[in-house]
*Asks:* 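One structure is given below, represented as structure tokens, and several questions about it will come after.
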Amino acid sequence: MFTHSSAILRVSRRSPSPSPTEESPPSQRELSCNACGNQCRFDPAQEALICDGCGNAQVIAAANQYRAGREYPFDPNSPETEPRGVPPAQEHQCSGCGGTVLFSGTALSERCPYCNGPMVLVPGRSGYDAMALIPFRISAEDARKRALDWISKREGAPNQLTEHVARTARTAGLYAPFWTFDTSEALTYMATWMEYEHKRMVTRSSSGHHDVAFDDLLVPASPHVTPLIRDGILHEFAPGALRSFDARYLAGFAAERHHQSVAEGFAFNAPDKRLRTKRKVCEDRAFGENVSLAVRTDDIAARYRRILLPVWIFHYDHSGRPYKVVVSGINGQTFGERPYSTAKLALVSGLVSFLVVSVGIVLGMVLA
Amino acid sequence: MSTYLSSLAAAALLFGLSTYFGVFVLESLIRRREAQREAQVESASHVRAQGRWLAPTVWILTVFWLALFVGYFIASTTPPNGSLKHFNTRDLPRPAV
Ligand SMILES: [Zn+2]
Ligand SMILES: [Zn+2]
């Protein structure tokens with residue numbers, strides 16, 4: 001598989017030590033107040049652990065940041081050596097969607113952050129520790145304001161939707177698991193398209209080799225992280241904001257641990273990556289929109305990083321259907337699902353229909 | 001009389017169907033517009049925002065052509081004196097035997 005050795009060498013030299021070190025998971029003692037012993041929560045505004053009992057604040061000193069920028073090489077042909085570990089506490093598993101999360105410190109809510117379903121305590125499932133994360137920067141109140149603002153700007157939404165959401169929405173703060181992948185790929189492509197030539201359609205084709213590289217491609221590391229989250233709010237992800245994993249940032253939030261091996265992560269995101277790869281080849285080779293393209297990977301060199309990204313998720317119901325609005329915990333970018341008012345849409349549709357039908361009939365009568 | 005009623009029914013039916021399908025067209029138009037403006041619609045799994053004007057254009061054009069046909073039908077079944085009430089098939093010239 002590895003015939004394109006220059007890419008491998010280039011990648012390996014940048015990251016000489018291949019084995020990720022084990023990170024200590026959150027211990028309850030680490031998260032407790034050093035004045036009164038209460039459980040603390042991470043406060044995005046002060047970047048500190050806050051004790052709601054006595055008001056004590058412990059600023060989290062950004063100590064050793066070397067792990068935040070570090071990436072690990074992945075060789076699909078050799079076995080993975082990354083250590084798996086069981087979390088120190090019990091995990092919560094959702095009886096609705098099956099997602100498992102870890103709540104540390106004083107959590108806002110113990111319902112499923114992904115689907116709002118009821119959760120039950122289960123023994124910690126073996127998984128992988130994240131290497132880096134971006135701490136929450138947007139507070140719960142700020143996120144709520146943004147979510148309501150987003151809702152209030154929806155066209156064709158039912159009346160009083162904003163008030164309804166403000167009254168009933170449930171908020172969840174979640175550190176969602178993601179991968180960052182750096183890949184450098186040697187491809188063989190075959191492009192086919194139709195063209196007019198002397199008044200008849202002819203099939204044209206072109207093939208060749210092409211190199212495609214991705215840097216810090218952000219892809220979900222769990223089936224529970226929906227496209228709503230990644231494509232909706234995290235498309236401006238900047239890897240420079242990553243910090244080395246520190247369990248104290250998780251205090252008061254839910255976090256889903258990494259459970260995919262690197263090979264599983266690649267397989268899980270293969271359709272998405274294939275689409276991006278094809279788009280890149282089309283762009284680089286200036287192929288038009290009507291080109292059908294087949295690509296074959298001759299060789300791939302890859303590096304990865306397991307990270308956690310902060311997301312606020314708002315759950316609300318409307319006419320018996322569940323909806324979600326997600327707000328990025330990094331920059332407040334907001335996107336979501338919303339109901340439509342059939343009455344409002346029917347009114348617009350009726351007006352347009354009336355206009356088009358009457359103009360059509362009059363014109364038809366004139367033409368007759 | 002019956003042609004008059006049936007053309008009226010055709011116009012009403014066209015209006016009703018157009019309004020019904022228009023609701024879905026408008027909903028998908030808003031959804032695509034939101035996705036295109038606010039989200040990154042690059043991934044395979046996400047709603048595709050490309051071609052968001054296709055469905056509304058097809059809707060309007062289809063309704064317009066059908067309405068044109070209905071209008072043509074109304075005009076061509078109306079006798080030259082313009083009064084629909086007295087129109088009767090017996091008034092049509094009989095084919096030569
Ligand atoms: Zn305290
Ligand atoms: Zn769930």
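A note on names: the letters A, B, ... follow the listed sequences, proteins ahead of strands, and every chain is numbered from 1.
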*Asks:* Contact part of A:Arg338 toward chain B, heavy-atom cut-off under 4.5 Å: side chain, backbone, both or neither?
*Replies:*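 When you check distances to chain B, only side chain atoms of A:Arg338 fall under 4.5 Å.
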*Asks:* So which residue, B:Trp65, B:Phe15, B:Phe24, ends up with the most heavy-atom pairs under 4.5 Å with chain A?
*Replies:*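 Counting heavy-atom pairs under 4.5 Å, the top option is B:Phe15.
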*Asks:* Is the distance between the ring centroids of A:Phe181 and A:Phe266 less than 6.0 Å?
*Replies:*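 That pair passes the under 6.0 Å test.
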*Asks:* Between A:Glu283 and A:Arg279, is there a salt bridge with N-O shorter than 4.0 Å?
*Replies:*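 A:Glu283 and A:Arg279: not salt-bridged.
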*Asks:* Report which part of A:Val348 has an atom under 4.5 Å of a heavy atom belonging to chain B: side chain, backbone, both, or neither.
*Replies:*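 Both parts, heavy atoms under 4.5 Å.
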*Asks:* Report, as yes or no, whether the 6.0 Å neighbourhood of atom CZ on A:Arg274 holds more than 12 heavy atoms from other residues, nucleotides or ligands.
*Replies:*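 Not buried by this count: 12 neighbours or fewer within 6.0 Å.
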*Asks:* Can you tell me which portion of A:Gln333 sits under 4.5 Å from chain B's heavy atoms? Options are side chain, backbone, both or neither.
*Replies:*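 The answer is the side chain of A:Gln333.
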*Asks:* So does A:Tyr323 have more than 12 non-hydrogen atoms from other groups sitting under 6.0 Å from OH?
*Replies:*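 Atom OH in A:Tyr323 is packed in, count exceeds 12.
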*Asks:* Contact part of A:Phe354 toward chain B, heavy-atom cut-off under 4.5 Å: side chain, backbone, both or neither?
*Replies:*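 The answer is both parts of A:Phe354.
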*Asks:* I need the residue from B:Leu26, B:Leu66, B:Val25, B:Val70 with the largest number of non-hydrogen atom pairs under 4.5 Å to chain A.
*Replies:*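 Counting heavy-atom pairs under 4.5 Å, the top option is B:Leu26.
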*Asks:* Is any NZ, NE, NH1 or NH2 atom of the basic residue among A:Asp216 and A:Arg305 found under 4.0 Å from an Asp or Glu carboxylate oxygen of the other?
*Replies:*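 Here A:Asp216 pairs with A:Arg305 in a salt bridge, since their nearest N and O are under 4.0 Å apart.
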